[in-house]
Amino acid sequence: MRSLAVASHASPFAAARRRPRSSASGRDAVSQCVKCERNQDRPLGALRIGYSQGSSQRHGSKNLFTPAAAAVSVEQIEVTTYLPKGDMWSVHKFGGTCMGTPQRIQNVADVVLGDSSERKLIIVSAMSKVTDMMYNLVHKAQSRDDSYTEAVDKVFEKHMSAAKELLDGEDLARFLSQLHSDISNLRAMLRAIYIAGHATESFSEFVVGYGELWSSQMLCYAIQKSGASCSWMDTREVLVVKPSGPDMVDPDYVESEKRLQKWFSRQPAEIIVATGFIASTPENIPTTLKRDGSDFSAAIIGSLVRAGQVTIWTDVDGVFSADPRKVSEAVILSTLSYQEAWEMSYFGANVLHPRTIIPVMKDNIPIVIRNMFDLSAPGTVICKQPANEDADLDACVKSFATIDKLALVNVEGTGMAGVPGTANAIFSAVKDVGANVIMISQASSEHSICFAVPEKEVAAVSAALHARFREALAAGRLSKVEVIQGCSILAAVGLRMASTPGVSAILFDALAKANINVRAIAQGCSEYNITVVLKQEDCVRALRAAHSRFFLSKTTLAVGIIGPGLIGATLLNQLREQVAVLKENMNIDVRVIGITGASRMLLSDTGVELTSWKENLQQEAKPADLANFVRHLSENHVFPNKVLVDCTADADVASHYYDWLKKGIHVITPNKKANSGPLDQYLKLRTLQRASYTHYFYEATVGAGLPIISTLRGLLETGDKILRIEGIFSGTLSYIFNNFEGSRSFSDVVTEAKEAGYTEPDPRDDLSGTDVARKVIILARESGLRLELSDIPVESLVPEALKSCLSADEYMQKLPSFDQDWATQRHDAEAAGEVLRYVGVVDVLNKKGRVELKRYKRDHPFAQLSGSDNIIAFTTSRYKEEQPLIVRGPGAGAEVTAGGVFCDILRLASYLGAPS
């Protein structure tokens, strides 16, 4: 096949370069004489594809992209123009999204012209999707797919239509002439690939590089329209790179700087628009900078001119603290150190490729990540470690990143300990199969080494290790080569972790409280990152738990409310009034992401609007389904900590607590059914709760908002011995007997209590004593007694004759016929200087409990109550019978019960890390 020599693209802008340049500052008062030597042919390498460096258009020749074009070699130019270096240069790189449409290209030109820097060097990518289109051309051609010709037409049409919208007049004519010439050459090359059925890497990279040539030319013309002095640079004339590994190249800074100096001597301008991504080998064979090559181009050129700043323009506001697709609460970081950015990039964060940082890092040139589509966003500055950052625990961890689809390989055996060369043998075998080791962890006993590799490579790694250690495995020196599939890595990155105690503790505490099991841990001595391996299914939850702990409020709770009745509605209203205060003052972020009643449920991924939850529950709700409601909460990946608040009195709802806790969902409830139900189920529930970091709080099951359960636990946990608990546990019955005085009839007081809302719709539910018995059994079990509800004798206040009444109305009509019996009991008590009180008793010493109507002297604390107050007396080894520990206060009503539930929510937040 006939060899091709292709001339450079460095010449479409001769007219602009001939414009007189301003000399007001005198900074460029240097001679621009260029001595042109005869162009000499160069060897083009094995592919026979190359280009000549330079342009004949400075001397008025036609702009042709053909082998016949006379070209001036950079190496043959006598340099007489000094290339200035330093902070006067500002380097900008615009990605494909920024260059995606003609309007966006014009917007880029406006940004460039708006930069007040003395000199500007602009690096651009191909228009969005064009690089993929070019690779597809090569693929189709070498696959002998005839449709490659149609694909070429689409590439041509895309750029032609963009140019026609962006440019006009002579500029448009010049660009289209060059485009036609390029497309003609492109067709010839693709035809050659089609015939051969194969394209070498260099051939492919030459074809792919066209995208950057065209986009940068259009931008240069767009800038020139404003009258600014602007030159266009084909970076293949300047950047020289050498292969350094698979899909990697290293810049030759010395040669590149020499070529840049010579290029600038021919085409000095205040603005230079250059191609990103493409470069040349030392033999002048076109190549690319591989992955993220345009960013790399900007960093290299920024280093060559010692720029004051390199700005990477993209479509995001900056570098996020975590992947915003996984963590919706991720925040933009204002600053990052070079090392932090490097670590984040390694672990898959969408920041910069690690190699992009190297050129600017050595010269301390800041990189700024900016959003082209939101110029008001300040972006993220990547630079030397800022000296003025707060050194608190939150500031020391900058970001979190994850890598999925990994497998953990564990090589284990007693024969490894103290044997030199074992690790070398392991990783030599891994290297031989070309696997990439992401992380390594070794126990100090040298009993085992584990490492993470991509899942797609683990089969080859496992086979290689079994082959390499066949004899050791057979002899028992190695016990196993184990592969654990389905793993992910979570990395916490921060430069200040090295000097801040407690970071690891906070990280692992956050993971533990989110019920995340860690499989392996690694941390280098530099402590720039802490890496953990965990199940892939737990990865997003772990990421959110860790991020929430360091970046959001110290505790973020996703709450599901079951039962928006009297208590549930009151709780929602209390939350509405307090959530902003909690977030501002206590770093607690409470998000109600679901509300369900018996027939309707309202769901939200990020939080129900509490100011209008009632209306939305009617208008936007779905049919209630408890299983789907719980699934919505458990599968929510926005918030790591989930809690279900059961505000019902439903035994069926309570029967699900065990399953919810097992799923890692915390449970808070005033519902007494679970803790007073069958003893075996209660013990199973408490055993699970105590064995995990999943919490179960139920303060409001006894005494509404009074601290009864917490007081009892405090006594027990501090070693006190409970002897007896006695109290008035029913606000309803407290109200009734506090007002059953003088000449008032019992039925009148019950009617008053019912009308005031103190009783259940059917007062027999209160007067039966069952509710008090449930509270007694809860306290008995908390005290260590293993009693069933049926073990508690209950003195019912419902006359036997009235138990069969078919309705509450019938009961209330017949109740007055028993007023005389109640009057007699009251008279007898008053005659003895006593009062009637309905109490529950837990006799811990005798391991029993009871519910009964008792008489107390008028000076007894139980006789001093008013309204619906509850009172509970704890007799213990410390608090004797003569002076027991007494807790007293309102024990009924929606406000205080909801307040008790709210307190449990805050207690949970405290357990999960919120400040106390």
Side-chain angles (χ1 to χ4, degrees), residues 13 84-101 103-128 166 211-213 215-226 228-235 238-239 260 264 267 269-278 289 292-319 351-353 356-357 359-360 363 365-383:
F13 304 99
K85 297 180 182 179
D87 290 351
M88 78 279 293
W89 284 102
S90 177
V91 176
H92 296 264
K93 178 266 175 177
F94 295 92
T97 307
C98 302
M99 301 286 292
T101 66
Q103 182 57 55
R104 290 182 181 180
I105 295 174
Q106 184 59 55
N107 293 343
V108 168
D110 294 341
V111 168
V112 171
L113 293 168
D115 181 359
S116 60
S117 300
E118 186 176 337
R119 293 182 176 277
K120 289 163 277 192
L121 225 163
I122 316 304
I123 313 296
V124 298
S125 300
M127 294 179 72
S128 59
L166 180 68
E212 275 70 19
L213 297 171
S215 63
S216 58
Q217 287 173 15
M218 283 192 285
L219 176 60
C220 193
Y221 279 123
I223 293 172
Q224 285 180 358
K225 284 196 302 183
S226 69
S229 171
C230 180
S231 292
W232 177 77
M233 176 194 292
D234 180 349
T235 48
V238 172
L239 296 188
L260 178 59
F264 186 82
Q267 305 181 61
E270 292 179 357
I271 303 174
I272 299 172
V273 176
T275 55
F277 186 55
I278 57 177
L289 299 181
D292 294 321
S294 293
D295 289 351
F296 198 17
S297 300
I300 297 169
I301 290 177
S303 174
L304 293 178
V305 300
R306 310 298 189 268
Q309 178 176 296
V310 175
T311 304
I312 307 293
W313 292 91
T314 179
D315 56 359
V316 294
D317 287 344
V319 179
V351 186
L352 296 170
H353 193 280
T356 302
I357 300 168
V360 294
D363 293 312
I365 300 171
I367 299 178
V368 183
I369 311 296
R370 294 284 306 277
N371 189 348
M372 182 64 199
F373 307 103
D374 183 5
L375 300 181
S376 64
T380 300
V381 179
I382 301 173
C383 57

Looking at side-chain heavy atoms only, is the closest gap between [X] and [Y] below 4.5 Å?
X	Y	result
M233	L260	yes
L239	I301	yes
I105	V124	no
F264	P84	yes

Residues that [X] engages under side chain to side chain donor-acceptor pair (under 3.5 Å), provided they are two or more places apart:
X	value
T275	T235
S117	D115
W89	none
S116	none

Q: Take V108 and I223 through the test side chain to side chain contact (heavy atoms under 4.5 Å, CB included) and record every step on the way to the result.
A: CA-CA 9 Å; V108 168; I223 293 172; over 6 Å; no
For [X], which residues count as a side-chain contact (heavy atoms from CB on, under 4.5 Å) partner, sequence neighbours excluded?
X	answer
A298	V91, K93, I123, V310, I312
N371	D317, F373, D374
Q106	Q103, A109, D110, L166, A222, K225

Q: Start with the C-alpha gap between L352 and V319, add the side-chain angles, then the distance that decides, and say whether side chain to side chain contact (heavy atoms under 4.5 Å, CB included) holds.
A: CA-CA 9 Å; L352 296 170; V319 179; over 6 Å; no
**Q.** side-chain contact (heavy atoms from CB on, under 4.5 Å) partner of I271, the single match among S229, C230, C220
**A.**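 Result for side-chain contact (heavy atoms from CB on, under 4.5 Å) with I271: C230.
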Where is the tightest heavy-atom contact between [X] and [Y], given as atom of each residue plus distance?
X	Y	result
C98	W313	SG-O, 3.5 Å
D234	I278	OD1-CD1, 3.8 Å
M218	M127	CE-SD, 3.7 Å
G302	I365	O-CD1, 3.4 Å
S125	S294	OG-OG, 2.9 Å
S215	A126	OG-CA, 3.6 Å

Q. Partners of K120 by salt bridge (Lys or Arg N to Asp or Glu O under 4.0 Å), sequence neighbours excluded?
A. none
(Q) side chain to side chain contact (heavy atoms under 4.5 Å, CB included), that's the test. Do M372 and T97 meet it? Break it down for me. (A) CA-CA 9 Å; M372 182 64 199; T97 307; over 6 Å; no
Q. Mind checking what makes ring-ring contact (aromatic ring centres under 6.0 Å, His included) contact with F296, not counting sequence neighbours?
A.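 Per chain and number, F296 pairs via ring-ring contact (aromatic ring centres under 6.0 Å, His included) with no residue.
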Q) To the nearest 0.5 Å, how far apart are CD in E270 and CD in E118? A)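 The CD atom of E270 sits 7.5 Å away from the CD atom of E118.
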Q | Straight-line distance of E212 CD to S297 OG, nearest 0.5 Å | A |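 Output value for this atom pair is 8.0 Å.
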